[in-house]
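Everything below concerns the one structure shown next.
Please read all numbers here as calculations on a predicted model, not as lab measurements. Heavy atoms only: backbone and side chains are in, while hydrogens, waters and symmetry mates are out.
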Amino acid sequence: LQGELIPGQPPTDTFFGYLTSLIFILFSMLLGAIICADVISSDLANSSFVLYFSRPVRAFDYLLGKFAGLTLVMWLFCLIPPVAYVLVMLGTQSGDDFSGGLRILGKTVIIGLVTALYFLPFGLMMSSFTKSKAYAGIGIFMSFFVLLIVSQIFSEDSDKWSLISPLEVLFNFYRVMFNAEIATGITSAQVGGSIAAFTVIPMAIVVYWIYRKGAGK
């Protein structure tokens with residue numbers, strides 16, 4: 001770690017470069033899309049809902065089981081590698097002042113947790129819209145990239161358009177966590193609001209849909 005991070009300036013440590021290279025974000029998005037694509041669509045295709053809800057299985061239990069399994073997989077690839085990366089950097093740094101490194105470690109844990117959960121609600125929602133896992137996977141990919149393209153086109157008029165792109169929002173979240181500059185006219189509160197909207201709204205749709213299925217409607 002190369003010393004303290006300077007508020008308002010892009011951090012110079014290599015870990016920040018690892019995050020903001022977009023490789024980490026794209027990998028997380030691809031992983032989320034792949035594992036979410038057939039989670040609900042396969043149950044639709046083979047009518048497993050009839051079996052699940054003919055037994056004392058509540059819609060909440062069904063959804064919790066699905067989400068917990070997906071979260072575990074995402075944590076393995078989105079939380080453990082960044083944390084291990086920082087731990088290695090801490091173990092190889094010179095000097096005995098680890099306060100700055102420990103702060104980065106804490107921020108890394110938060111980033112890993114948020115990233116692991118970020119793409120799951122949208123992926124589950126898309127998986128619940130079709131019986132084909134191929135269509136679900138394609139729908140997830142296309143949704144992300146279409147939003148990214150639209151945000152880049154209209155960002156020339158206003159940087160706030162970047163808030164509609166899940167990838168750009170996550171990128172800005174990393175910058176907020178590391179006290180780096182974000183686009184002009186965008187606040188950290190707006191970034192947080194975009195993250196909440198992208199996760200809460202799709203999850204609410206999935207919960208409503210699953211409860212309808214559980215009620216036989």
Side-chain angles (χ1 to χ4, degrees), residues 1-39 63-124 126-127 137 140-141 144-145 148 162 165-183 188 191-192 194-196 198-200 202-203:
L1 299 179
Q2 301 178 11
E4 291 288 330
L5 302 178
I6 303 175
Q9 299 295 324
T12 58
D13 59 282
T14 57
F15 177 66
F16 183 77
Y18 160 69
L19 290 177
T20 55
S21 66
L22 285 182
I23 294 177
F24 180 64
I25 297 177
L26 289 175
F27 173 79
S28 302
M29 182 200 73
L30 293 173
L31 178 62
I34 290 171
I35 65 176
C36 286
D38 67 340
V39 169
L63 189 57
L64 180 61
K66 296 287 188 181
F67 196 81
L70 293 173
T71 300
L72 179 60
V73 174
M74 292 296 289
W75 277 350
L76 290 175
F77 293 96
C78 298
L79 176 61
I80 295 178
V83 170
Y85 190 101
V86 174
L87 289 176
V88 170
M89 295 176 70
L90 283 173
T92 57
Q93 78 171 43
S94 59
D96 55 0
D97 183 8
F98 291 91
S99 59
L102 291 177
R103 283 195 294 273
I104 292 179
L105 179 60
K107 293 179 179 181
T108 302
V109 171
I110 295 174
I111 285 174
L113 292 173
V114 171
T115 304
L117 299 176
Y118 184 65
F119 296 105
L120 296 184
F122 190 87
L124 286 172
M126 296 300 295
S127 181
I140 296 170
F141 291 133
F144 291 148
F145 284 111
L148 176 62
S162 64
S165 169
L167 301 181
E168 290 286 350
V169 169
L170 199 57
F171 175 79
N172 280 313
F173 170 68
Y174 296 161
R175 298 187 69 83
V176 169
M177 289 297 297
F178 281 94
N179 300 323
E181 292 181 350
I182 57 179
S188 57
V191 173
S194 296
I195 291 176
F198 187 71
T199 53
V200 173
M203 199 66 199

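Residue Leu120 comes nearest to Cys36 through the heavy atom pair CD2-SG, 3.6 Å, listed as atom of the first residue, atom of the second, then distance. Of all heavy-atom pairs spanning Phe77 and Phe24, the tightest one is O-CE1, 4.5 Å. Minimum interatomic distance between Gly112 and Leu79 (heavy atoms only, all atoms of both residues): CA-CD1, 3.8 Å. The two residues Leu124 and Phe67 make their nearest non-hydrogen contact at CD1-CD1, 3.7 Å. Nearest heavy-atom pair across Lys66 and Val39 is NZ-O, 3.2 Å. The two residues Val83 and Leu105 come nearest to each other via the heavy atoms CG1-CD1, 4.0 Å.
No side-chain heavy atom of Ile111 sits under 4.5 Å from any side-chain heavy atom of Pro82. With a 4.5 Å cut-off on side-chain heavy atoms, Pro166 and Phe122 do not count as touching. Side-chain contact between Phe173 and Thr115: absent, with no pair of heavy atoms (C-beta onward) separated by less than 4.5 Å. Side-chain contact check for Leu31 versus Met74: some heavy-atom pair is nearer than 4.5 Å.
Remark: Leu167 CG to Ile25 CD1 distance equals 6.5 Å, nearest 0.5 Å. In this structure, the separation between OG on Ser127 and CD1 on Ile35 is 11.0 Å, given to the nearest 0.5 Å. To the nearest 0.5 Å, atoms CZ (Phe171) and OG (Ser162) are separated by 10.0 Å. Here the straight-line distance linking atom CE of Met203 with atom CZ of Phe198 works out to 13.0 Å at 0.5 Å rounding. The OG1 atom of Thr71 sits 9.0 Å away from the CG atom of Leu64 when rounded to the nearest 0.5 Å. Once rounded to the nearest 0.5 Å, the distance linking CG of Leu170 with CG of Leu26 reads 10.0 Å.
Relative ring orientation between Phe119 and Phe144 is described as perpendicular, the plane-to-plane angle rising above 60° on a 0-90° scale split at 30° and 60°.
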Apply side-chain contact (heavy atoms from CB on, under 4.5 Å) to Phe145 and Met29, showing your working.
CA-CA 11 Å; Phe145 284 111; Met29 182 200 73; 3.8 Å; yes
Would Leu113 and Trp75 count as a side-chain contact (heavy atoms from CB on, under 4.5 Å) here? Give the steps.
CA-CA 7 Å; Leu113 292 173; Trp75 277 350; 3.6 Å; yes
Using side-chain contact (heavy atoms from CB on, under 4.5 Å), reason through Leu30 and Phe141 one step at a time and then give a plain yes or no.
CA-CA 8 Å; Leu30 293 173; Phe141 291 133; 3.2 Å; yes
